[in-house]
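Below: one structure, written as structure tokens.
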Amino acid sequence: MNSITETGDVQILCGLCKKNLAGLRYVLHDTKTYCVQCYESNFANRCEACQNIISTDSKDLAYKEHHWHEKCFFCSMCRVTLVDKPFAFKDDKIYCSNCHEKFLATKCDHCHNIFKAGMKKYEYSGKQWHEDCFRCKECKIFIGSNSFILHEESPICVTCYENKYAHHCTKCRGVINRGGVKCKDMPWHKECFTCSTCNKPLSAEKYTMKEDKPYCIDCFGALFAKKCCKCDKPITGISGSKYIAFEDRNWHSDCFCCQKCNKNLVGKGFLTNGNDILCPSCTKA
């Protein structure tokens, strides 16, 4: 705290210029004494409005480490004096109540009216509502402290959200609250996305779909895939694997070989001999 005092006969020196302050006005600042000139040059506050020093002869009005001359303490918009009047402080500037409410006060995201002093406010994810405006968009029930989901910028109660907006699992029809798996625009709980035959979890496995049902590779091969004429194993076509089809018979690409010399015949000429395929060289032998 600073104070201005006049000295008596006691010798007091200025803390900076060492001037004898006997019989002079001085300022007490942080337990030290200074002449008025040194104090104003080194310690006096500057007015936020005019940027001039607030001298010891002027009243210093302060708020949140900001200072003003009494004559400069006015609304930054309409210039009305705010001395001994309520005011608002925003972005290092002061405003009268009327200007603040009209131009700067935050507004409710539902009714778009301002929040007046003392009003209860609900805030979430950058949105804010009056107490009476904080209601479910669908059923209009007051949400208060209950759980809700912000959907398309509006609060929705859990019941309405689950009934109208939430994804429902293709298998169990339950609500998918988080995560899940989606295939062909059909959602599943992760734990419900299993093989339709053996019930093996498929969320981290290779799978294929048939008639909108998921199958693991083994079950799909056993139930639906063509069989290779050579190895008799399923031809699934999973992961882009190729196969050869001729008339009513099918082979894995790696299995499409000459019956005698085992030369691979993919992309080459071949002849048939009953159920066997032969390269041209072996047919002449």
If you draw a 6.0 Å radius around NE2 in His67, do more than 12 non-hydrogen atoms from other residues or ligands fall strictly inside?
-> yes
Path from Tyr63 to Leu61 over hydrophobic side-chain contacts below 4.5 Å: yes
Report task. Name the orientation class of the two ring planes belonging to Trp129 and Phe148 (parallel below 30°, tilted from 30 to 60°, perpendicular beyond 60°). Result -> perpendicular
In terms of relative ring orientation, are Tyr207 and Phe193 parallel, tilted or perpendicular, with 30° and 60° separating the classes?
perpendicular
_Would you call the rings of His66 and Phe89 parallel, tilted or perpendicular, taking 30° and 60° as the class edges?_
tilted
Tested for side-chain contact (heavy atoms from CB on, under 4.5 Å) against Cys14, the lone hit among Leu21, Val36, Thr33, Leu24 is Leu21
For Ile114, the hydrophobic cluster (side chain heavy atoms closer than 4.5 Å, chained through members) also holds none
Minimal heavy-atom distance between Lys107 and His112, with the atoms involved, is CD-O, 3.4 Å
Rounded to the nearest 0.5 angstrom, the OG1-CD distance for Thr159 and Glu138 is 12.0 Å
To the nearest 0.5 Å, atom NE2 of His69 lies from atom OG of Ser58 at 4.5 Å
- Query: Is the NZ or CZ atom of Lys210 both under 6.0 Å from the centre of the six-membered ring of Phe224 and within 45° of that ring's axis?
  - Reply: yes
Cluster link Val27 to Phe43, ILVMFWY, side chain under 4.5 Å: yes
- Give a yes or no on whether His168 atom NE2 has more than 12 heavy-atom contacts from other residues, nucleotides or ligands under 6.0 Å away. yes
> For the hydrophobic clusters of this structure (ILVMFWY residues joined by side-chain heavy atoms under 4.5 Å, transitively), does one cluster hold both Tyr165 and Leu150?
Replying inline: no
- prompt: Around atom CD1 of Ile141, are there more than 12 heavy atoms of other residues, nucleotides or ligands at under 6.0 Å?
  reply: no
Sorted by chain and number, sequence neighbours left out, side chain to side chain contact (heavy atoms under 4.5 Å, CB included) with Asp254 holds for none
I'd like a table of donor-acceptor pairs (distance under 3.5 Å, sequence neighbours excluded) in which one partner is a side-chain atom from residues 71-83, with atom names and distances.
{"residue": "Ser76", "atom": "OG", "partner": "Ile94", "partner atom": "O", "Å": "3.0"}
{"residue": "Thr81", "atom": "OG1", "partner": "Val83", "partner atom": "N", "Å": "3.4"}

message = Taking the ring of Phe256 and the ring of Phe270, is the distance between their centroids below 6.0 Å?
response = yes
Is there a path from Ile54 to Tyr39 through hydrophobic residues (I, L, V, M, F, W, Y) whose side chains come within less than 4.5 Å of each other? no
inquiry  = If hydrophobic clusters are built from ILVMFWY residues whose side chains come within less than 4.5 Å, do Trp251 and Leu265 share one?
reply    = yes
**OP:** Report, as yes or no, whether the 6.0 Å neighbourhood of atom NZ on Lys93 holds more than 12 heavy atoms from other residues, nucleotides or ligands.
**Re:** no
Separation between CG (Asp132) and OH (Tyr122), nearest 0.5 Å, reads 10.5 Å
**Prompt:** Looking at the rings of Phe103 and Tyr95, which for Trp means the six-membered one, are their centres under 6.0 Å apart?
**Reply:** no
SG of Cys257 to CD1 of Ile244, rounded to nearest 0.5 Å, is 10.5 Å
